[in-house]
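Note that the structure is a prediction, hence the values are computed from the model and not measured.
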Amino acid sequence: MPSLVLVLRQAIPDLRGRPEGPRPPEIVQRFLWLLNLNAEEARATALRLRR
């Protein structure tokens, strides 16, 4: 069973490649909604997951 982080790492490039798709911080906020991340925290998390 894949972990949430692996699924999130796959979702970011898949979704951001679409013209109407959400930006990476928005993807992080959707996947990790239970953490209630603010925009800056979501952006930092998205940047860390790019590696």
Undergrad: Going through the checks in order, is the side-chain contact (heavy atoms from CB on, under 4.5 Å) test met by L35 and T45?
TA: CA-CA 12 Å; L35 297 177; T45 302; over 6 Å; no

Undergrad: Donor-acceptor pair, distance only, cut-off 3.5 Å: does the side chain of Q10 make one with the backbone of V7?
TA: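 No, because the side chain of Q10 does not come within donor-acceptor range (under 3.5 Å) of the backbone of V7.
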
Undergrad: Against P24, only a single residue in L8, L15, I12 fulfils side-chain contact (heavy atoms from CB on, under 4.5 Å); can you say which?
TA: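 Only match with P24 under side-chain contact (heavy atoms from CB on, under 4.5 Å): I12.
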
Undergrad: Mind listing the closest non-hydrogen atom pair of L37 and E41 along with its distance?
TA: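 Reported closest heavy-atom pair: CA-OE1, 3.4 Å.
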
Undergrad: With a 4.5 Å cut-off on side-chain heavy atoms, are V28 and P25 touching?
TA: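 Contact flag for P25/V28 side chains = no.
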
Undergrad: Can you give me the closest heavy-atom contact between R48 and R9, atom names plus distance?
TA: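 Smallest heavy-atom distance, with atoms named: O-NH2, 4.3 Å.
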
Undergrad: Measure the CD1-CG distance between I27 and L32 for me, rounded to the nearest 0.5 Å.
TA: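 I27 CD1 to L32 CG: 11.5 Å, rounded to 0.5 Å.
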
Undergrad: Just jot down the side-chain contact (heavy atoms from CB on, under 4.5 Å) partners of N36, sequence neighbours excluded, or say none.
TA: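 Applying side-chain contact (heavy atoms from CB on, under 4.5 Å) to N36 gives none.
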
Undergrad: State, with a plain yes or no, whether a side-chain heavy atom of L47 is found less than 4.5 Å away from one of R43.
TA: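 Yes, at least one pair of side-chain atoms sits under 4.5 Å.
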
